[in-house]
S.K.: 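Quick one: structure below, then a few questions.
Just so you know, ligand 1 is whichever comes first in the structure, and atom 1 is the first atom listed for that ligand. All values below come from the heavy atoms of this structure, side chains included, with hydrogens, waters and symmetry mates left out.
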Amino acid sequence: MSHSGKNVESVVSHGLCTGCGTCEGICPQSSIIMELDKEKAIYLPSIKAGGCTFCGMCVSVCPGKFVDFKDLNQKIFNQPSSDFLLGHYNNCYLSHACDRKVRYKSSSGGLVTSVILFALREGLIDGALVTRMSKDNPIIPEPFIARTEQEVISACGSKYCPVPANKVINEILKVEGKYAVVGLPCHIQGIRKAELINKKLKERIVLHLGIFCGTTKTFSATNNYTNQLGIDEINISNISYRGSGWPGKLSICVKNNDESYYEEQYLKYYSCEFCSYTPWRCTVCIDQAAEFADLSFADAWLDEVIGVDKCGSSIVVSRTKVAEDIIQKMQLKGVAVFSQITADKVNKSQGFFPRKNYLELENTCLWPFMGGIFHDIIMMNY
Ligand SMILES: Cc1cc2nc3c(=O)[nH]c(=O)nc-3n(C[C@H](O)[C@H](O)[C@H](O)COP(=O)(O)OP(=O)(O)OC[C@H]3O[C@@H](n4cnc5c(N)ncnc54)[C@H](O)[C@@H]3O)c2cc1C
């Protein structure tokens with residue numbers, strides 16, 4: 001569908017922007033910039049005055065406006081989705097990295113980081129789009145292309161704040177090479193849509209690593225939490241939302257006249273209050289499993305792991321041959337341990353993806369008001 005004559009302003013004005021940054025990354029005129037909306041505490045695209053030629057490319061790649069699940073399944077996997085909740089998959093695993101330092105520092109089993117390190121060492125990729133917290137302003141995420149092992153490890157761990165990761169695809173377009181990309185479901189959707197219209201991007205991105213996502217959080221989640229601790233965000237010198245085992249903890253370093261250190265268990269700070277700062281667009285997203293990734297990764301919220309495994313394990317869903325080959329090689333070379341689990345177990349670990357089930361609930365008219373809103377959005381996305 002041609003979108004010429006339009007730009008992403010229409011997506012923003014309808015409240016559909018996911019903040020993924022694909023529009024900034026793809027804009028041929030470099031006329032879009034992801035800017036912090038202070039009121040909403042999320043990133044939104046802003047169009048530079050006089051720069052837009054209304055070519056419509058930003059709208060064509062936008063996952064906030066529309067995702068054709070059937071078409072993408074066909075184009076990426078050559079078949080319809082095999083599992084209503086999880087999306088197309090080949091195999092599901094419970095897994096952890098064998099490198100103890102990576103496993104300890106990461107969110108769950110350190111698998112995302114291990115896959116990138118493995119792909120770099122094997123020469124499968126020259127770099128990976130990952131996200132670390134900025135050194136200059138540690139409460140701001142900094143998506144970048146990591147090209148060394150140290151850089152990949154510096155990006156370990158989940159960031160519970162808005163991340164416009166895909167703005168960095170303009171670097172992938174500029175610099176030749178093979179790349180992996182790491183992102184939430186909306187990032188992966190944006191990249192896959194961009195690959196449909198940009199051959200260079202499709203050739204260069206050889207590995208899509210998707211993170212399961214229950215919803216992300218606005219900057220207000222962290223801001224409210226640090227305010228309650230009496231910390232002025234301007235004095236934060238380091239923040240990490242996960243890591244130090246599993247499920248891990250939030251760690252904050254504060255520099256005033258002296259240096260102080262705060263930490264809180266993940267299961268305590270990731271409360272109803274913290275989660276109440278969820279961007280509206282996330283609440284109507286039905287892709288919690290990063291269905292269009294080659295490999296999707298999740299916390300292992302399983303009975304045999306909770307309270308038992310303090311080091312961390314990841315659930316890994318492999319969806320393509322490239323992904324399956326990497327898993328087999330990592331296993332063979334002792335880089336990570338994988339044991340097969342059922343898709344049903346994965347779905348159960350995520351509470352059976354409540355928002356996807358909304359599709360069914362909505363049909364039963366159990367949710368006459370919310371159902372109506374969901375229906376409109378889902379139909380736009382499905
Ligand atoms: C906002 C958010 C919501 C999540 N919701 C769920 C959920 O509902 N259920 C579930 O099981 N798991 C969820 N996860 C995934 C989980 O927290 C772990 O990321 C996942 O298990 C992979 O862990 P790992 O140890 O293999 O990754 P690691 O080795 O720690 O690597 C994580 C990678 O993800 C990248 N990254 C981190 N945060 C972001 C971000 N916000 N945007 C883009 N890239 C990022 C980092 O750059 C790093 O490369 C969520 C993660 C995030 C960030």
S.K.: Give the residue, atom name and distance (to 0.1 Å) of the protein heavy atom nearest atom 47 (O) of ligand 1.
M.R.: Thr131 N, 2.8 Å

S.K.: When you compare ligand 1 with Thr215, is there at least one nitrogen or oxygen pair between them that comes in under 3.5 angstrom?
M.R.: no

S.K.: Got an N/O contact under 3.5 Å between Cys156 and ligand 1?
M.R.: no

S.K.: Can Val112 be reached from Ile327 by stepping across I, L, V, M, F, W or Y side chains whose heavy atoms are under 4.5 Å apart?
M.R.: yes

S.K.: Closer than 4.0 Å to some heavy atom of His187 - which atoms of ligand 1 meet that?
M.R.: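 It comes down to these atoms of ligand 1: 42 (N), 43 (C).
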
S.K.: So is there a nitrogen or oxygen of Gly157 less than 3.5 Å from a nitrogen or oxygen in ligand 1?
M.R.: yes

S.K.: Short list, please: which atoms of ligand 1 are under 4.0 Å from a heavy atom of Val130?
M.R.: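 Atoms satisfying the 4.0 Å criterion: 47 (O), 49 (O).
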
S.K.: With a 3.5 Å cut-off and no angle check, do the side chains of Thr320 and Asp294 form a donor-acceptor pair?
M.R.: yes

S.K.: Does the side chain of Glu9 come under 3.5 Å of the side chain of His14 through a donor N or O and an acceptor N or O?
M.R.: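 Judged by distance alone, the side chains do not pair up.
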
S.K.: To the nearest 0.1 Å, how far is atom 2 (C) of ligand 1 from its closest protein heavy atom, and which atom is that?
M.R.: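 The answer is Tyr160 CE2, 3.6 Å.
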
S.K.: Using a 4.0 Å heavy-atom cut-off, say whether Ser106 meets ligand 1 through its side chain, its backbone, both or neither.
M.R.: both

S.K.: How far apart are the C-alpha atoms of Gln340 and Asn91, what are their side-chain angles, what is the distance that settles it, and do they pass the side-chain hydrogen bond (donor to acceptor under 3.5 Å, both in side chains) test?
M.R.: CA-CA 7 Å; Gln340 212 162 335; Asn91 286 302; 2.6 Å; yes

S.K.: Would you check if the distance from the ring center of Phe219 to the ring center of Tyr160 is below 6.0 Å?
M.R.: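 No.
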
S.K.: Quick one: look up the protein heavy atom nearest atom 38 (N) of ligand 1 and list residue, atom name and how far away it is.
M.R.: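 Checked against all protein heavy atoms, atom 38 (N) of ligand 1 sits closest to Lys159 N, 2.9 Å.
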
S.K.: Show, in sequence, the C-alpha distance, side-chain angles and deciding distance for Thr222 and Tyr241, and conclude whether the side-chain hydrogen bond (donor to acceptor under 3.5 Å, both in side chains) test is met.
M.R.: CA-CA 10 Å; Thr222 305; Tyr241 291 90; 2.7 Å; yes

S.K.: Got an N/O contact under 3.5 Å between Arg132 and ligand 1?
M.R.: no

S.K.: When you measure from atom 16 (C) of ligand 1 to each heavy atom in Asp299, Thr113, Val346, which option holds the nearest one?
M.R.: Asp299

S.K.: So which pairs with a foot in residues 167-186 pass side-chain hydrogen bond (donor to acceptor under 3.5 Å, both in side chains), sequence neighbours left out?
M.R.: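 Residue pairs passing side-chain hydrogen bond (donor to acceptor under 3.5 Å, both in side chains), neighbours aside: Arg147-Tyr179.
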
S.K.: Can you tell me if Arg103 contacts ligand 1 (heavy atom of the residue under 4.0 Å from the ligand)?
M.R.: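 Not so, Arg103 does not reach ligand 1.
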
S.K.: Could you tell me whether the side chains of Ser220 and Asn224 share a donor-acceptor contact shorter than 3.5 Å?
M.R.: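 Side-chain D/A pair, Ser220 to Asn224: absent.
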
S.K.: With a 4.0 Å cut-off on heavy atoms, is Cys213 touching ligand 1?
M.R.: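 Per 4.0 Å heavy-atom rule, Cys213 contacts ligand 1.
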
S.K.: With heavy atoms only and a cut-off of under 4.0 Å, state how Val102 meets ligand 1: side chain, backbone, both or neither.
M.R.: neither

S.K.: Should Lys345 and Glu304 count as an ion pair when the cut-off is N to O under 4.0 Å?
M.R.: yes

S.K.: When you measure from atom 20 (C) of ligand 1 to each heavy atom in Ser154, Cys161, Ser108, which option holds the nearest one?
M.R.: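 It is Ser108 that holds the nearest heavy atom.
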
S.K.: Does an N or O from Ala155, backbone or side chain, lie closer than 3.5 Å to an N or O of ligand 1?
M.R.: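 Indeed, backbone or side chain, Ala155 has an N or O that close.
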
S.K.: Can you check whether Leu184 has an N/O within less than 3.5 Å of an N/O in ligand 1?
M.R.: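 The answer is no, given that Leu184 and ligand 1 share no N or O pair closer than 3.5 Å.
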
S.K.: Considering both backbone and side-chain atoms of Gly110, is one of its nitrogen or oxygen atoms within less than 3.5 Å of a nitrogen or oxygen in ligand 1?
M.R.: yes

S.K.: Which is closest to atom 7 (C) of ligand 1 by heavy-atom distance: Gly183, Ala146, Gly214?
M.R.: Gly214

S.K.: Would you call Lys321 and Asp325 a salt bridge, taking side-chain N to carboxylate O under 4.0 Å as the test?
M.R.: yes

S.K.: What part of Val112, side chain, backbone, both or neither, has a heavy atom within less than 4.0 angstrom of ligand 1?
M.R.: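 For Val112, backbone and side-chain atoms both sit under 4.0 Å from ligand 1.
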
S.K.: Is there a polar contact, in the sense of an N or O pair closer than 3.5 Å, between Tyr270 and ligand 1?
M.R.: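 Min N/O separation from ligand 1 is not below 3.5 Å for Tyr270.
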
S.K.: Can you find a non-hydrogen atom of Val152 under 4.0 Å from ligand 1?
M.R.: no

S.K.: Return the minimal non-hydrogen interatomic distance between Cys52 and Asn7, and the atom names on each side.
M.R.: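 Distance-wise, the nearest heavy atoms are SG-ND2, 3.4 Å.
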
S.K.: Please identify which atoms of ligand 1 are closer than 4.0 Å to at least one heavy atom of Thr216.
M.R.: 1 (C)

S.K.: Tell me, which protein residue and heavy-atom name are nearest atom 40 (C) of ligand 1, and how many Å apart are they?
M.R.: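 Of the protein heavy atoms, Val163 CG2, 3.8 Å lies nearest.
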
S.K.: Can you name the closest pair of heavy atoms from Ile239 and Met133 and give their distance?
M.R.: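 That would be O-CG, 3.7 Å.
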
S.K.: Are any of the N/O atoms on Phe212, whether in the backbone or the side chain, positioned under 3.5 angstrom from an N/O atom of ligand 1?
M.R.: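 N/O-N/O distance below 3.5 Å exists for this pair.
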
S.K.: I need the contact type for Lys217 against ligand 1. Using non-hydrogen atoms and a strict under-4.0 Å cut-off, is it side chain, backbone, both or neither?
M.R.: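 Contact part for Lys217 vs ligand 1: neither.
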
S.K.: Answer side chain, backbone, both or neither: which part of Ile211 comes under 4.0 Å from ligand 1, heavy atoms only.
M.R.: side chain

S.K.: Using the rule that two of Ile, Leu, Val, Met, Phe, Trp, Tyr join whenever any of their side-chain heavy atoms come within less than 4.5 Å, decide whether Leu129 and Ile116 are in one cluster.
M.R.: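 As far as the 4.5 Å side-chain criterion goes, Ile116 and Leu129 are not connected within one cluster.
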
S.K.: Output a table of donor-acceptor pairs, distance under 3.5 Å, between side-chain atoms of residues 16-26 and any protein atom two or more places apart or on a different chain; print 'none' if there are none.
M.R.:
| residue | atom | partner | partner atom | Å |
| --- | --- | --- | --- | --- |
| Thr18 | OG1 | Cys20 | N | 3.4 |
| Thr22 | OG1 | Asn166 | ND2 | 2.9 |
| Glu24 | OE1 | Met34 | N | 2.7 |

S.K.: Measure the distance from atom 17 (O) of ligand 1 to every protein heavy atom, then report the residue, atom name and distance (to 0.1 Å) of the closest one.
M.R.: Ser158 OG, 2.8 Å

S.K.: For ligand 1, does Gln350 get within less than 4.0 Å through its side chain, its backbone, both, or neither, judged by non-hydrogen atoms?
M.R.: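 For Gln350, the contact with ligand 1 is made by the side chain alone.
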
S.K.: Please say whether more than 12 non-hydrogen atoms of neighbouring residues, nucleotides or ligands are located less than 6.0 Å from CD in Gln150.
M.R.: no

S.K.: Indicate whether any N or O donor in one side chain lies under 3.5 Å from an N or O acceptor in the other, for Thr215 and Lys217.
M.R.: yes

S.K.: Answer with side chain, backbone, both or neither: which part of Arg242 has a heavy atom less than 4.0 angstrom from an atom of ligand 1?
M.R.: side chain

S.K.: Which word best sums up how the rings of Phe274 and Tyr225 line up, parallel for under 30°, tilted for 30 to 60°, or perpendicular for over 60°?
M.R.: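 Rings of Phe274 and Tyr225: perpendicular, over 60°.
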
